[in-house]
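Reviewing the structure listed below.
The figures that follow rest on heavy atoms only: side chains count, while hydrogens, waters and symmetry mates do not.
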Amino acid sequence: MKEQQHPQYNRDRPLLENLLVGEASDLNLVELARLRIRYLNFPGAFDIQKGLDQVLQKWGITEAELFEKTRAIHAVGGIYRTKGKKEEQDWN
C-alpha cells in the first residue's frame, strides 16, 4: 500500500514542530488533540503521526488524558476566539 499525502500536511507540519518544542498550554493541548483526530488511521504522514506520539510522551500524558483535558477546555469555550472577531470554527 502506497503512503498517501494528507492535503493539510504542509500546514500541519510547522504546527507539529511548534508542539514538539512547546509546553502543554491549553491552546497546544487542543491543537495536539485536533491533529491526533485528523491523522487517526490515516494511511500516510507517518512522520507527523510519530511526532504527535513524541509530543504526548514529552508532556507525559496519554491520548485518553489529552482528550479528557481538551473536552474540559472546550466546555469552557473560547479557545479559538480572537480579539474583535466573533467565534469561528476551523473544520480544515
Handout entry: Any donor-acceptor N or O pair under 3.5 Å, side chains Tyr39, Gln8
Key = no
Exercise for the section: Identify the two heavy atoms, one from Val21 and one from Lys58, that lie closest to each other, and give their separation to 0.1 Å. Expected result: C-NZ, 3.5 Å
Exercise for the section: Would you please test Glu68 and Arg71 for salt bridge (Lys or Arg N to Asp or Glu O under 4.0 Å) and show each step? Expected result: CA-CA 5 Å; Glu68 182 180 334; Arg71 278 192 299 273; 5.4 Å; no
Problem - Hydrophobic cluster membership, Leu20 vs Val30, 4.5 Å side-chain cutoff - result: yes
Problem - Gln5 CD: over 12 foreign heavy atoms closer than 6.0 Å - result: yes
Practice task
Determine, using the 4.5 Å side-chain heavy-atom cutoff (strictly less than), whether Tyr9 and Phe46 are members of one ILVMFWY cluster.
Solution key: no
Completion exercise
Scanning both residues in full, the closest heavy-atom pair of Gly22 with Trp59 reads O-NE1, 3.1 Å
Practice task
Find out if a path of hydrophobic residues (ILVMFWY) with successive side-chain heavy-atom gaps under 4.5 Å connects Ile61 to Ile37.
Solution key: yes
Practice task
Kindly indicate whether the side chain of Arg36, heavy atoms from C-beta on, has any atom under 4.5 Å from the side chain of Asp53.
Solution key: yes
Problem - Gln54 side chain reached by Leu19 side chain, heavy atoms, under 4.5 Å - result: no
Fill in the blank from the handout: Smallest heavy-atom separation, Leu29 atom then Leu66 atom, equals O-CD1, 3.5 Å
Completion exercise
So CD1 of Ile79 and CD of Glu31: to nearest 0.5 Å the spacing works out to 9.0 Å
Fill in the blank from the handout: Phe42 and Gln4 have their tightest heavy-atom pair at CE2-O, 3.5 Å
Exercise for the section: Consider only side-chain heavy atoms of I, L, V, M, F, W and Y, link residues closer than 4.5 Å, and tell whether Leu40 and Leu16 are in one cluster. Expected result: no
Practice task
Would you please test Asp47 and Arg13 for side chain to side chain contact (heavy atoms under 4.5 Å, CB included) and show each step?
Solution key: CA-CA 9 Å; Asp47 61 320; Arg13 185 67 210 183; 3.0 Å; yes
Handout entry: His74 side, atom NE2; Lys69 side, atom NZ - distance, nearest 0.5 Å
Key = 14.0 Å
Practice task
Test Ile48 against Leu35 for side chain to side chain contact (heavy atoms under 4.5 Å, CB included), laying out the working first.
Solution key: CA-CA 9 Å; Ile48 287 184; Leu35 292 178; 5.6 Å; no
Fill in the blank from the handout: To the nearest 0.5 Å, atom CG of Asn18 lies from atom CG of Asn28 at 8.0 Å
Fill in the blank from the handout: Nearest heavy-atom contact between Tyr80 and Arg34 is OH-NE, 3.7 Å
